Amino acid sequence: QKEVEQNSGPLSVPEGAIASLNCTYSDRVSQSFFWYRQYSGKSPELIMSIYSNGDKEDGRFTAQLNKASQYVSLLIRDSQPSDSATYLCAVNTGNQFYFGTGTSLTVIP
Amino acid sequence: ETGVTQTPRHLVMGMTNKKSLKCEQHLGHNAMYWYKQSAKKPLELMFVYSLEERVENNSVPSRFSPECPNSSHLFLHLHTLQPEDSALYLCASSQDPRTIKNIQYFGAGTRLSVL
């Protein structure tokens, strides 16, 4: 079983819509969860971090964590073409960092 | 600019060459990491240097050899690589892997091609 699983997509949404990205993880003792954005040919860039159950909002981004279901999500409101990228879910378990394969998002103008 | 600088940005090498990748962080962090990113695969953690301890992924071949002379500098020495080692190699740093809020910041990466 993979430590972190994401739907690879591609996910396409029209400009202005809400994009919903999902991630599940296997290790129940995981404590830290991150969403990174990676543009083609570039390195991952941190968008959100979340450590406790519930929602965390930052501008157009909302991260949601449900530890009981081992589920993390990222919502992007008012999606813009500049949001088109691959979104990586990352989980920190002790001294180990696990990344998903990423979900490719395309926002259509 | 994330405060993590990698050189070179691109590298082409033959299978018999020896080369080194360099990473430098200006963030005052205590941990540094090497990752390999191949197409359609998750980021693969290769090595971690944290508070002068090294943690490595046992599946990494011995033709990759890390070196961390101090908390700000990290090297990845490459020798007798194989074509399947062609990938994007990313360096990252973080403040303290012992804490929950262990956010990693990535360098721009080195795109390696092995011929």
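Values in this document were obtained by computation on a predicted structure and should not be read as measured data. All chains are named by letter (A, B, ...) in the order of the sequence lines, taking the proteins before the strands, and each is independently numbered beginning at 1.
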Do [X] and [Y] belong together in a cluster built from hydrophobic side chains that touch within less than 4.5 Å?
X	Y	result
A/L21	A/F61	yes
A/L75	A/V13	no
B/F106	B/F75	no
B/Y89	B/L11	yes
A/F34	B/L27	yes

Reported [atom1]-to-[atom2] distance for the pair [X] and [Y], which is rounded to 0.5 angstrom:
X	Y	atom1	atom2	value
B/N102	A/Y51	CG	OH	8.5 Å
B/Q37	A/L88	CD	CG	6.5 Å
B/L43	A/S43	CG	OG	10.0 Å
B/I103	A/M48	CD1	CE	10.5 Å

**Asked** What is the minimum heavy-atom distance between B/L88 and A/Q38, and which atoms define it?
**Response** CD2-NE2, 4.3 Å
Check each atom of [X] against the heavy atoms of chain A and say whether the ones under 4.5 Å are side chain, backbone, both or neither.
X	value
B/Q104	both
B/Y35	side chain
B/L90	side chain
B/L45	side chain

**Heavy-atom neighbours of A/K56 NZ exceed 12 at 6.0 Å** = yes
**Asked** Any chance CD1 of A/I18 has more than 12 other-residue heavy atoms, nucleotides or ligands included, within less than 6.0 Å?
**Response** no
**Message:** At a 4.5 Å cut-off on heavy atoms, which part of A/Y98 comes close to chain B: side chain, backbone, both, or neither?
**Reply:** neither
**Request:** Answer yes or no: is there a donor N or O on one side and an acceptor on the other, between the side chain of A/S32 and the main chain of B/I100, under 3.5 Å?
**Result:** yes
